[in-house]
Amino acid sequence: MHQEQQVRINDFALKLANVNGTGSASANGLLMQAIFRMGIPVSGKNLFPSNIQGLPTWYEVRVNKAGNTARAIDYDLMVAMNAETHARDIKEVKSGGWVLYDSSWPLPNALLRPDVTFLGVPLAKLCNEAFGEPRERILMKNIAYAGALCALLDIDMKVIDQLLLEKYGKKKALQDSNHKALRLGYDYATEHLQCPLPIRLQQMDATGGHILIDGNTATALGCLYAGATVAAWYPITPATSVMDAFKSLTDKFRKDPETGKKNVCILQAEDELAAIGMVIGAAWNGARAFTSTAGPGISLMSELIGLAYYAEIPAVIVDVQRTGPSTGMPTRTQQGDILACAYASHGDTKHILLFPSNPNECFHFAVKAFDLAEKFQTPVLMLSDLDIGMNDWVTPKLVWDDGYRPDRGRVLSAEELEKLEKFYRYSPADENHVAARSLPGVHAKGAFFTRGSGHNKLGGYTEIPDEYQEVVDRLAAKHKSAAKFVPAPIIQKRDGAKIGVVTLGGCDPAVREGVDLLAQQGVLCNYMRVRGFPFDKVVEDFLHAHDVNFIVEQNRDGQLRTLLVAETGVPKEKLRPLLVYGGFPLSARHVVEGVSAKVKEVVS
Amino acid sequence: VTKKPSVVHPSLKKNALGLTIRDYEGSMSTLCAGCGHDSVTAAIVRAFWELETPPHMIAKLSGIGCSSKTPTYFVSGAHGFNSAHGRMPAIATGAAAANKDLTYIGISGDGDSLSIGLGQMCHAIRRNLNMLYVIENNGVYGLTKGQFSASADVGSKSKKGEANRQSPIDPVMLALTLGASFVARSFSGDKAQLVPLLRAGLAHKGFALVDVISPCVTFNDHEGSTKSYRYTREKNVEVSHADFVPIRKELSADIPADGVTSVTMHDGSVVRFTKVAPDYDPTKRQAVLNYLQERQSKGEVPTGLLYLDTTAPEMHALNGTTDVPLTKVPFEKLCPGSAALEKLQQAFR
């Protein structure tokens with residue numbers, strides 16, 4: 001039942017079903033990059049297993065001329081390359097959509113759908129004939145389907161050629177193989193299939209001034225530009241690529257041109273207990289230091305995060321969140337560490353949190369994290385997630401202000417210490433409840449004994465209730481003061497809207513799109529994305545101003561909602577949870593359906 | 001915190017910095033009277049005074065436990081960090097990564113280093129972190145009142161008469177197998193041996209482990225304990241005596257001809273070994289391991305500078321860090337600037 005369809009330009013979604021470890025990632029990345037270079041807003045989501053080779057893996061590409069690039073969960077085209085998952089993959093295609101498959105072998109009749117067009121390309125056969133090496137045959141099959149897609153979707157072959165040249169320019173043989181495979185797919189599709197499909201691409205000019213970058217690389221760039229000199233870490237998915245990127249950036253930018261020696265020390269720790277310890281030791285000595293980790297690492301670091309909080313030592317912790325609890329699903333995304341980070345460690349502890357929503361914010365918030373950590377002499381946790389961290393995002397180009405200088409906070413110089421009669425570490429405090437610190441080795445008068453045990457405002461050991469309370473009360477006040485200094489929430493209002501929709505982090509594009517779609521259906525919502533904790537009064541005012549606020553987040557328990565209830569004076573009845581937490585990125589449909597259903601609930 | 005009286009007798013000798021030994025003391029110890037740790041503290045005070053280290057250039061760090069309380073009791077002019085149980089090696093690693101110019105001394109105990117912090121100590125050794133690492137080893141948890149620690153020997157009895165049946169972790173043997181570059185063992189009751197060992201450890205560029213048997217008078221100094229004063233005095237066998245010759249001093253002419261080896265440290269100071277045991281060579285790791293194993297199996301406690309390798313690269317050499325402490329590298333050298341950012345983003349198109 002194939003009917004003539006209307007041509008839809010630069011507005012569709014495709015999903016590619018592959019087997020992990022067969023080299024599909026480079027073919028899929030190539031497609032996405034080509035679309036980006038054609039000036040068309042695009043996103044790519046890698047939905048991969050916790051496995052090196054053999055398990056199913058998917059890659060989703062969404063193209064949207066209006067710039068809505070949140071994950072689409074309705075697919076116009078499925079590239080079904082994994083026989084093991086054919087059944088469910090074919091089921092996921094929209095009615096009237098297309099399935100591209102390897103027709104070297106026939107598809108079982110049971111899989112066929114009358115409302116979907118099947119596009120067969122004998123990829124294995126073509127590659128077996130064209131390439132000799134078994135491994136090359138497997139790898140090039142991916143490039144061959146990319147070639148077929150170029151014909152089917154009207155991807156500019158000149159752009160692809162240029163990308164292959166840039167990628168393999170120095171490896172002629174590889175470039176030739178890729179080119180040959182691409183042509184195999186392209187020529188076959190052109191000859192045997194109706195190309196292009198009604199869903200297709202057309203050059204635009206919407207990605208100028210943008211880059212294609214993953215959040216972890218952007219985070220590493222932020223740490224580099226902030227002047228971090230000590231980095232300590234333990235390998236963990238999905239945070240590992242933060243340090244991989246930081247290392248390669250420092251190899252390039254932190255080597256003394258004359259001596260070849262490094263202006264950085266990267267320590268691969270024995271575990272996360274040690275990684276955070278190293279960060280605290282380095283920051284105690286005055287270096288800008290950071291670690292990157294994921295939820296399991298936060299659990300281990302919690303002990304010493306409390307030490308840094310109580311002894312008032314700066315520390316920057318990047319948490320690229322993954323699906324918990326426990327080992328959970330290491331290669332799936334979630335926002336499940338909000339509460340664990342907000343109150344990490346035993347006793348009364350509260351931390352500064354930053355919630356970037358895309359790689360651009362990862363870059364700028366990473367810099368901000370160091371400034372806040374030093375200004376408030378306390379740990380700052382930046383909560384990214386797997387979706388932001390490991391997927392390539394089209395994001396505004398990063399701009400650096402050469403006038404930037406680190407905010408080192410209140411640090412006494414040798415001259416200032418010399419003038420003091422006596423130095424006390426925790427007195428006097430300023431208007432933000434922060435006292436001046438001295439750095440080891442700077443001046444004899446700055447010598448100080450740091451301790452995680454009970455201490456009074458002069459820094460001395462104490463077990464006296466009043467003296468102890470005076471210090472922890474100041475810490476609470478200090479945390480509160482930070483509300484004015486964390487990035488302000490992003491608020492978008494609509495005339496006549498009475499409903500609030502609140503979110504954070506990587507939910508941003510899906511929620512904004514969802515709010516637009518809801519408005520088209522007559523459900524008007526005001527939008528707020530919180531970007532930091534502690535919450536400023538603006539956040540509280542927004543919540544108060546709406547009878548109902550939907551708190552959209554990716555965890556089971558509504559952790560942002562809990563934090564808002566606990567840390568603002570807003571009655572919890574005003575805050576309704578809207579939760580998606582299966583491990584894949586949020587889609588606008590989740591928001592529209594969730595809000596629509598609950599609005600009915602609220603009204604009836 | 002009880003301060004000691006500040007009265008200084010005019011006859012007290014001053015070092016090159018014009019400081020007397022009292023200037024290297026800390027506040028009053030709150031440990032039990034007769035605790036071995038207080039003797040170690042006194043030896044540390046003397047070692048720093050003799051080395052003429054400016055107090056504020058010393059970073060003294062510790063974990064948690066009786067031993068870890070002691071940094072308060074020495075060099076009050078130093079920067080101190082009493083951190084968390086078993087986590088001192090990591091804090092020291094980060095501190096040393098940031099500022100290589102300070103002198104780092106870590107004080108730990110057998111609970112802090114051999115149980116909760118075993119992993120961190122092992123990895124600090126592997127990194128050859130440039131620090132003096134003192135284990136005040138008494139085989140028992142003091143602050144929690146008398147549980148066996150991981151260094152308790154099989155058969156050693158608790159105060160209540162119960163015998164330990166789990167095999168011990170020996171920090172000296174462990175450090176040797178992990179590739180440690182400086183390994184010593186001493187006894188808190190032997191100041192003449194301990195002070196030069198501490199000085200040599202401080203001069204060593206790399207991880208210097210000094211395992212000090214330091215009896216717990218309250219919970220582990222009874223009959224049947226193998227970490228008591230009496231047992232250690234009886235079984236202690238000095239196999240290699242170290243004399244430390246500071247950089248400024250001339251080597252004295254009266255070095256005995258037999259059994260003496262001199263090793264020059266990175267700062268130019270010299271350590272002279274007197275091989276008390278004639279068949280002992282502290283520069284041969286495998287031989288040292290064999291020797292110690294044999295002697296220890298006989299119930300002896302070999303002490304002295306047991307192993308030394310001045311050629312092993314320390315953490316910063318392994319990393320290739322710049323010569324200036326990282327904390328002193330100006331921001332302009334750390335931040336590549338807007339033009340570089342613009343350029344590198346061409347790769348993200």
Side-chain angles (χ1 to χ4, degrees), chain A residues 37 211-213 221 224-227 229-230 232 253-254 256 259-267 269-271 273-287 289 303-304 307 397-402 404-406 439-441 443-444 446-453 460-461, chain B residues 1 54-61 64 71-72 76-84 86-99 101-102 119-120 122-123 126-127 315-316 319-327 329 331 333-342 344-345 348-349:
Chain A
R37 285 218 184 161
I211 53 167
L212 195 60
I213 191 171
L221 269 168
L224 174 78
Y225 272 72
T229 51
V230 177
F253 293 107
R254 288 287 181 80
D256 190 296
T259 63
K261 290 186 175 178
K262 295 182 206 163
N263 286 322
V264 70
C265 186
I266 302 175
L267 297 155
E270 50 273 32
D271 52 36
L273 303 167
I276 185 66
M278 291 167 187
V279 168
I280 292 167
W284 175 71
N285 248 347
E303 177 196 45
L304 289 189
L307 171 68
K397 213 172 184 182
L398 308 177
V399 178
W400 183 252
D401 172 11
D402 284 323
Y404 169 86
R405 286 295 172 274
L439 299 177
H443 193 280
F448 167 68
F449 198 85
T450 305
R451 47 167 62 88
S453 48
Y461 180 85
Chain B
V1 177
H56 78 285
M57 294 304 283
I58 298 167
K60 48 180 188 177
L61 302 100
I64 295 292
T72 327
S76 53
H79 283 262
F81 199 153
N82 179 208
S83 67
R87 314 298 178 226
M88 176 268 283
I91 307 254
T93 303
N99 188 348
D101 277 0
L102 302 181
Q120 292 207 351
C122 291
H123 289 274
R126 291 185 59 235
R127 287 184 190 96
M315 183 177 79
H316 281 294
N319 180 60
T321 323
T322 186
D323 297 334
V324 185
L326 289 172
T327 48
V329 178
F331 180 70
K333 273 195 165 181
L334 301 175
C335 179
S338 62
L341 187 63
E342 177 73 29
L344 76 88
Q345 285 182 95
F348 301 112
R349 280 292 301 174

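Every chain is numbered from 1, with letters handed out A, B, ... down the list of sequences. Quick note: numbers below take in every heavy atom, side chains included, and nothing from hydrogens, waters or symmetry partners.
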Subject >> Parallel, tilted or perpendicular, as decided by the 30° and 60° cut-offs, for the rings of B:H79 and A:W284 >> reply: perpendicular
Original post:
Heavy-atom distance under 4.5 Å to chain A: side chain of B:P336, backbone, both or neither?
Top reply: both
Original post:
By a 4.5 Å heavy-atom criterion (distance strictly below it), what part of A:V279 contacts chain B: side chain, backbone, both, or neither?
Top reply: neither
**OP:** Show your working on side-chain contact (heavy atoms from CB on, under 4.5 Å) between B:K60 and A:F449 and close with a plain yes or no.
**Re:** CA-CA 9 Å; B:K60 48 180 188 177; A:F449 198 85; 3.9 Å; yes
Subject >> Set of residues satisfying ring-ring contact (aromatic ring centres under 6.0 Å, His included) with respect to A:F448, sequence neighbours excluded >> reply: A:Y426
**OP:** Can you tell which part of B:I64 gets under 4.5 Å to a heavy atom of chain A, answering side chain, backbone, both or neither?
**Re:** neither
Subject >> Reference residue A:T229; test side-chain contact (heavy atoms from CB on, under 4.5 Å); the match among B:T322, B:T321, B:L334, B:V329 >> reply: B:L334
Subject >> chain B contact via A:A274 - which portion, at a heavy-atom distance below 4.5 Å >> reply: both
Original post:
Short question: side chain of B:N319, backbone of A:V264 - any donor-acceptor pair under 3.5 Å?
Top reply: yes
**OP:** Identify which part of B:M88 has an atom lying under 4.5 Å from any heavy atom of chain A, answering side chain, backbone, both or neither.
**Re:** neither
Subject >> Heavy-atom pair of closest approach, residues B:G337 and A:D402 >> reply: CA-OD1, 3.4 Å
Original post:
If you take all heavy atoms of B:S76 and A:A447, which pair is closest and at what distance?
Top reply: O-CB, 4.4 Å
**OP:** Before giving the answer on side-chain contact (heavy atoms from CB on, under 4.5 Å), spell out for B:D323 and A:T259 the whole-Å C-alpha distance, their side-chain angles and the decisive distance to 0.1 Å.
**Re:** CA-CA 10 Å; B:D323 297 334; A:T259 63; 5.6 Å; no
Original post:
Contact part of B:P71 toward chain A, heavy-atom cut-off under 4.5 Å: side chain, backbone, both or neither?
Top reply: both
Original post:
Yes or no on side-chain contact (heavy atoms from CB on, under 4.5 Å) for A:W400 and B:C335, after CA distance, side-chain angles and deciding distance?
Top reply: CA-CA 10 Å; A:W400 183 252; B:C335 179; 3.5 Å; yes
Original post:
Which bit of A:L439 is near chain B, if near means a heavy-atom gap under 4.5 Å: side chain, backbone, both or neither?
Top reply: backbone
Original post:
If you round to the nearest 0.5 Å, how far is CD of B:Q120 from CG of A:L273?
Top reply: 6.5 Å
Original post:
Can you name the residues that form a salt bridge (Lys or Arg N to Asp or Glu O under 4.0 Å) with B:R349, not counting sequence neighbours?
Top reply: none
Original post:
In terms of heavy-atom pairs under 4.5 Å, which option from A:A275, A:A287, A:S453, A:A289 contacts chain B the most?
Top reply: A:A287
Original post:
Quick one: of A:D271, A:V230, A:I266, who has the most non-hydrogen atom pairs under 4.5 Å with chain B?
Top reply: A:V230
Original post:
Quick one: what part of A:A226 sits under 4.5 Å from any heavy atom of chain B, side chain, backbone, both or neither?
Top reply: backbone
**OP:** Under 4.5 Å heavy-atom distance to chain A, tell me which part of B:L326 shows up: side chain, backbone, both or neither.
**Re:** both
Subject >> Side chains of B:T72 and A:R451 in contact at under 4.5 Å (non-hydrogen atoms) >> reply: yes
**OP:** Answer yes or no: is there an ion pair linking A:E270 with B:R126, defined by an N-O contact shorter than 4.0 Å?
**Re:** no
Original post:
So which part of A:L307 gets closer than 4.5 Å to some heavy atom of chain B, the side chain, the backbone, both or neither?
Top reply: side chain
**OP:** Let me know if A:L267 has heavy atoms under 4.5 Å from chain B in its side chain, its backbone, both or neither.
**Re:** side chain
Original post:
What part of B:F81 gets closer than 4.5 Å to chain A, counting heavy atoms only: side chain, backbone, both or neither?
Top reply: both
Subject >> Minimum heavy-atom distance between A:L398 and B:L341, given as atom pair plus value >> reply: O-CD2, 3.6 Å
Original post:
Below 4.5 Å, heavy atoms only, C-beta onward: do B:K333 and A:D256 meet side chain to side chain?
Top reply: yes
Original post:
Distance only, no hydrogens: is a donor on one side chain within 3.5 Å (strictly under) of an acceptor on the other, for A:N285 and B:T327?
Top reply: no
Original post:
Between A:A232 and chain B, which part of the residue has a heavy atom less than 4.5 Å away: side chain, backbone, both or neither?
Top reply: neither
**OP:** Enter the distance from B:H123:NE2 to A:M278:CE here, rounded to the nearest 0.5 Å.
**Re:** 9.0 Å
Original post:
Side chain, backbone, both or neither: which part of B:A97 has a heavy atom under 4.5 Å from chain A?
Top reply: both
Subject >> Distance (rounded to the nearest 0.5 Å) between A:T450 OG1 and B:N82 CG >> reply: 9.5 Å
